[in-house]
Amino acid sequence: MSPEVLSTPVVDTAKIPDRAQTRAQAARRRKVLVNAARVLLLVVVLGLWEVLSRAEVIDPFNFSMPSKIWDQIWTWMTHGTALGSLGEQIWYTLYEALLGWGIGVVAGVLLGIALGRIRLLAEVLGPYIKVLNSIPRIVLAPIFLIWFGLGPSSKVASAVVLVFFPVFFNAFQGAREVDRNLVANARILGASDRRVTLQVVIPSATSWIFTSLHVSFGFALIGAIVGEYIGATKGIGLLVAQSQNTFNAAGVYAAMVILAVVALVAEGLLTFAERRIFRWKPTGSDS
C-alpha cells in the first residue's frame, strides 16, 4: 500500500475579509443608526409637544410649545434681550462657569492628589471635607451673594464649590488606586517622592480626573445659573428669572435650550481632548 501524499491547501488571502475593515464598517453603520434614532426621538417628542399644546391637551400657557420657544430664541438673536445682546448674556454666564470650573478643578486635583499621597494630611482634613461635602452647596449661593455682591464673583464662588468635590474625590481615589508595583519600581530606581508623584501618581490618576471633568462642567454651569437667578445684572440665569417673573414660559424654555447647547459643546470639546490625550486606550472590544 503506497503512502498517501498530504498537501497543504493554498489559501487565497484575497478572499479573506479584512476584519478591521469589517468592524469599522459595522461601527459606522451603528453610529448612523444611533444618530438617526436620536433625531427621530427628538422629532417625535417635539412634534407631540407641539400638537398637544395646539390642541390644548396640555396648557400652552404653562408648557408653551416648540414653535414659540424657537420664536423667542430668534427674537433674542435678532433683537437682543432686555439685558443686552444674547451673545453678551451667554458669554457672561460662560465666563463665570469657566472661571469657577478652572479654579475648582485645580483646587480639587491638587488637594485630592495631596491627600491621596499624604496619609497624615488625609486623616486630619478628611472629617472636615466630609462635613463640607454633606452641606447642600446650592444653599451657599445666597451667602456668596451677600459676601461678594451681584457681580460675577458670587457666581464664580458658587461654581467653585460645586466643581471642587467631584474633582477632589476622583483625584483622591485615583491617587489611592495607583499600581503599587509601579511606585515600588520607581523607588527602587531612586525616584524621590516628588518624582513619584509627578511621573507615576498623576499620570495614573489622569483618567479618573478626566471622568470628573465631564460632570463638573455641568455643575459649574448650574452654579453660575443659580447665582444669576438669585441676583445678578446679566446672564442666562437672569433671563430665566425675568421670564419666570413675567410668566413667559417660552423664555424659560428658550434659556434652557441655550444652556443645553452650551453644555453639549463643552462636553464635545472635553471628549475630543480626552481622546487626543488617551489615544493609547482602546475605544471598544475586539470581539
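Heavy atoms only: backbone and side chains are in, while hydrogens, waters and symmetry mates are out.
- The backbone N or O of Ser243 sits less than 3.5 Å from a side-chain atom of Thr246, completing a donor-acceptor pair.
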Worksheet entry | Candidate pair Lys31 and Asn35, rule side chain to side chain contact (heavy atoms under 4.5 Å, CB included), full reasoning | CA-CA 6 Å; Lys31 186 176 182 181; Asn35 289 333; 3.7 Å; yes

Discussion item. Evaluate Leu239 against Ile236 for side chain to side chain contact (heavy atoms under 4.5 Å, CB included), listing each step before the verdict.
Written reply: CA-CA 5 Å; Leu239 281 180; Ile236 301 298; 4.0 Å; yes

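- Counting heavy atoms from C-beta outward, Leu52 and Phe63 have side chains that stay 4.5 Å or more apart.
- Each of Phe61 and Ile58 belongs to its own hydrophobic cluster when Ile, Leu, Val, Met, Phe, Trp and Tyr are linked at side-chain heavy-atom distances under 4.5 angstrom.
- For the pair Leu213/Phe217, no side-chain contact is recorded, criterion being any heavy-atom separation below 4.5 Å from C-beta on.
- Here the OG1-CG distance, from Thr233 to Leu83, works out to 8.5 Å after rounding to the nearest 0.5 Å.
- Hydrophobic clustering (side-chain heavy atoms under 4.5 Å, transitive across Ile, Leu, Val, Met, Phe, Trp, Tyr) groups Leu145 together with Ile222.
- The side-chain heavy atoms of Pro60 and Glu56, taken from C-beta on, include a pair separated by under 4.5 Å.
- Atom CZ of Phe169 sits in a crowded spot, with more than 12 heavy atoms from other residues, nucleotides or ligands closer than 6.0 Å.
- Ring geometry for Phe168 against Phe164 counts as parallel: the plane angle stays under 30°, on a 0 to 90° scale with 60° as the upper cut.
- Taken from CH2 in Trp91 to OG in Ser85, the straight-line distance is 13.0 Å, to the nearest 0.5 Å.
- Linking ILVMFWY side-chain heavy atoms closer than 4.5 Å, directly or via other members, places Leu42 and Tyr253 in a single hydrophobic cluster.
- Distance check: Thr75 OG1 to Lys68 NZ gives 12.5 Å after rounding to the nearest 0.5 Å.
- Taking each heavy atom of Ile113 and Ala171 in turn, the nearest pair found is CD1-O, 3.9 Å.
- Taking all atoms of both residues into account, the shortest heavy-atom contact from Val226 to Ala141 is CG1-CB, 4.0 Å.
- Of all non-hydrogen atoms in Ser154 and Gly151, the two that sit nearest each other are OG-O, 3.2 Å.
- In this structure the side chain of Gln89 never reaches within 4.5 angstrom of the side chain of Ile258, judged on heavy atoms.
- A continuous path of hydrophobic side-chain contacts links Met77 to Val262 [ILVMFWY only; heavy atoms under 4.5 Å].
- Note that NZ of Lys130 and CG of Leu125 are 12.0 Å apart. Values are rounded to the nearest 0.5 Å.
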Item to complete: Before giving the answer on side chain to side chain contact (heavy atoms under 4.5 Å, CB included), spell out for Ile129 and Leu115 the whole-Å C-alpha distance, their side-chain angles and the decisive distance to 0.1 Å.
Response: CA-CA 11 Å; Ile129 291 177; Leu115 268 66; 3.6 Å; yes

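- Looking only at side-chain heavy atoms (C-beta outward), Tyr92 and Leu238 stay at 4.5 Å or farther from each other.
- Within the model, atoms NZ of Lys234 and CD of Glu88 stand 3.5 Å from one another, a figure rounded to the nearest 0.5 Å.
- Contact of the Val257 side chain with the Trp70 side chain is not registered, since no non-hydrogen atoms from C-beta on lie closer than 4.5 Å.
- In this structure, the separation between CD1 on Ile143 and CZ on Phe148 is 11.0 Å, given to the nearest 0.5 Å.
- Tracing side-chain contacts under 4.5 Å through hydrophobic residues (I, L, V, M, F, W, Y), one never reaches Val106 starting from Leu132; they form parts of separate clusters.
- Between Ala250 and Ser64, the shortest heavy-atom contact is CB-OG, 3.4 Å.
- Closest non-hydrogen pair, Glu96 versus Ala224, comes out as OE1-CB, 3.9 Å.
- At least one side-chain heavy atom of Asn248 sits under 4.5 Å from a side-chain heavy atom of Gln72.
- Val32 places none of its side-chain heavy atoms less than 4.5 Å from the side chain of Arg28.
- Closest of all the heavy-atom pairs between Trp49 and Ile69 is CH2-CD1, 3.5 Å.
- Ion pairing between Glu228 and Lys155 fails under the 4.0 Å rule for side-chain N and carboxylate O.
- Trp101 and Ser216 share a side-chain donor-acceptor pair at under 3.5 Å.
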